[in-house]
There are 2 protein chains.
Amino acid sequence: MLTERQSRILGFIIGEYVEHATPVASQYIEQNYPVGASAATIRNEMAELEEQGYLNHPHTSSGRVPTGKGYRLYVETLMREEEVPWDAQQTILHQFHQIEQGQESWAQLAAAVLAQSVENAAVVTTPRMDVCRIKHLELVSLHDMTFLLVLVLDEGRLEQQVLSSGGLYSQEELSATATQLNRRYEGKTSKELAGDETDLSELELLVMEAVHSVMRSVDEGGAEEAHLEGLRHVLSQPEFSNSEAVLGLLELLDGQNLSRAIPLRALAREGVTVIIGADSPQLTNASEAMRACSVIVGSYGAPGDASGALAVVGPMRMRYSRTISTVRYLADVMSELLSEQYEGPTG
Amino acid sequence: MLTERQSRILGFIIGEYVEHATPVASQYIEQNYPVGASAATIRNEMAELEEQGYLNHPHTSSGRVPTGKGYRLYVETLMREEEVPWDAQQTILHQFHQIEQGQESWAQLAAAVLAQSVENAAVVTTPRMDVCRIKHLELVSLHDMTFLLVLVLDEGRLEQQVLSSGGLYSQEELSATATQLNRRYEGKTSKELAGDETDLSELELLVMEAVHSVMRSVDEGGAEEAHLEGLRHVLSQPEFSNSEAVLGLLELLDGQNLSRAIPLRALAREGVTVIIGADSPQLTNASEAMRACSVIVGSYGAPGDASGALAVVGPMRMRYSRTISTVRYLADVMSELLSEQYEGPTG
DNA sequence: GATTAGCACTCTCGCATTGAGAGTGCTAAC
DNA sequence: GTTAGCACTCTCAATGCGAGAGTGCTAATC
């Protein structure tokens, strides 16, 4: 257990280290923080904190650096969560209301806003239902024997697929078919579809097979898109000053690997979760490159209803207070926007 | 002007340097390439090549390194374009036919394939008409006073926008409205729309205003999406071994800046264009970080019809022959796929 | 006159050394 | 329990050195 003074010193050291990224010396603390004790005493306390695993020594004669355990204690008990400053709130709201068309770029935008706001990398997934339902489908003739299937799912998500038919159909025929299928299948889930595909024309069968396969892949999360922004913030931190580390992280987060490296959906739960270092069992495959990083995960939307996840990825040495509150704030903003859009402004 | 032997030596040096990224010595050339002259003679020729600006000296006593001018000569006259190896072709085709649904992820996939194939970064833009036309529109009720406008444009591109209406409309009313609007506006361009918006109901007006604004922004290229993949290949090259260079390039290409840094549409023309170093006037704003890079730009689709651009970004020290032929090959594959999908398999 | 062998010269790179500075750990006094 | 004082450790930057690589030049050769 830590004494009051030890806790305060740990807090000071973390604050100092987060800001300057350089090991913190006893003398420096004495001169810049109101500890009420001499450097020697602070040194003793530091030794004790190190004994208990909250601090570390790069080498014999250098200042102290917080460990993962140190950060965790800080986040869980020492830190007090600060409000998101009013002007930061305004900036976020402003940027958000710039674009409010469909969610094509919504998640992307959210990621960019978040990244800029906390000056770290941010990931935002598109909102998704646990099990999606057909809201509407439409068939649009493209040319000769090909046409486009447009599928609107219940959270307003769009899916499309180009189909080649065996025969030639006019737009009128396609529209009529679409109307019929809509009447029959609206509101159905992928599972409910499975048992209800008798008595269909050749065209209808072709369409419904495609619908089925699209919905399955959406259900499986294959269609979940995670947008990453602001990697540069993380990579310009001093912990990535050697380019090996840069490549490690880049390899991990760039491109397709993202969702494998950070299983956002699995991590997102009510409230905000903080993962410090690669300590969490969920991040085992992340390993190496993530060892010096922390992830702050939040979720938006309503559970059961459409929901998505948002996260900040940054070095372990991170302004947790600010970051956590920003994630929480943004999650609220996004939840609200989502419910406004899809449940009516009055709802 | 260069003699035959000088040209060959330049070619050897470039080949060597491209592969090993280390300055090339006269003795090495003598022992590994059929020049038919001694190291001393090769040294003399190298001095001459340097005089003329094709080679460079990192310092007095080190081998030679090609300059931008050297690479340009190589690409324009010395190099012979190699065929894309059969198995590489197969790999590309295979990967491409894995997914062939709409182009949501198409450009992304193409970028990934290209990046992997040439082991460099790749950018692919979504196909786009010079001036887009309405193919079809659809209205889907979401909740109470909001509904979704789904707009299918002529190259099969989908756009969506959430609208809030003044009043309450049923799905039937919305569908009827959509049918009417389709009849009236199908095939129209943004401009043609402008003069033809009289005599509309409140709902219709709301919809057509949204349609108009979406189409304008698509026309302006604001909606053009450029997908970047494989940055890691470039960044792991030795020219980016110091992390400053990494950050420079990352800042430039990551996120929103991409299309500003490389104005793909402006660069793409018939055939394949090679930009070596930041020598091209079009890349002036790219500057610094791109100075050590080359860009190979191609275009796919048909001019006048839907078309897009694809590009490879890599260090100046690049396997030009292979890269150029791969870009050309992929452009052909994509053009074909595009025409198959949207002009009918028989066309 | 072009080519080549030979050699001095230059510059890099890796390695060990050195000295200053920072910060701790320990001991003894308060 | 706290603190002053001091020796000790380790880093970091600068310096010097030797080996090695590769050139540039000169003089001999074909």
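Letters A, B, ... mirror the listed sequences (proteins, then strands); counts begin at 1.
- Residue A/S62 is in sugar-phosphate contact alone, with no base atom involved, counting any heavy-atom pair closer than 4.0 Å across all strands shown.
- Here the side chain of A/S325 pairs a donor or acceptor atom with the backbone of A/E82 at under 3.5 angstrom.
- Across B/Y17 and B/V24, no two heavy atoms sit closer than the pair N-CG2, 4.0 Å.
- Closest approach of B/L247 to A/R232, counting heavy atoms only: CD2-O, 4.2 Å.
- Aromatic ring pairs are classed by plane angle as parallel below 30°, tilted from 30° to 60° and perpendicular above 60°; the pair B/Y320 and B/Y71 is tilted.
- The minimum heavy-atom distance linking A/R322 with A/T326 is given by the pair O-OG1, 2.7 Å.
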Enumerate all atom pairs, one protein N or O and one N or O from nucleotides 11-16 of chain C, separated by less than 3.5 Å.
{"from": "C/dC11", "atom 1": "OP1", "to": "B/T60", "atom 2": "OG1", "distance (Å)": "3.1"}

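- Residues of residues 12-32 of chain A that place a heavy atom closer than 4.0 Å to DNA chain C, in numerical order, are A/V24, A/A25, A/S26.
- Nearest heavy atoms, A/G70 versus A/L10: O-CD2, 4.4 Å.
- Between A/A37 and A/I42, the shortest heavy-atom distance links the atoms O-CD1, 4.1 Å.
- For the pair A/N120 and A/P315, the minimum side-chain heavy-atom distance is below 4.5 Å.
- Across the interface with DNA chain C, nearest-nucleotide mapping of B/R5 and A/A47 shows B/R5 to be the residue nearer the 5′ end.
- Mapping heavy-atom proximity under 4.0 Å, the span of DNA chain D touched by chain A runs 5' to 3' from D/dT2 to D/dT11.
- Using a 4.0 Å heavy-atom cutoff across all strands shown, A/A37 reaches sugar-phosphate atoms only and no base atom.
- Between A/V313 and A/M318, the shortest heavy-atom distance links the atoms C-CE, 4.3 Å.
- Looking only at side-chain heavy atoms (C-beta outward), A/M79 and A/I324 come within less than 4.5 Å of each other.
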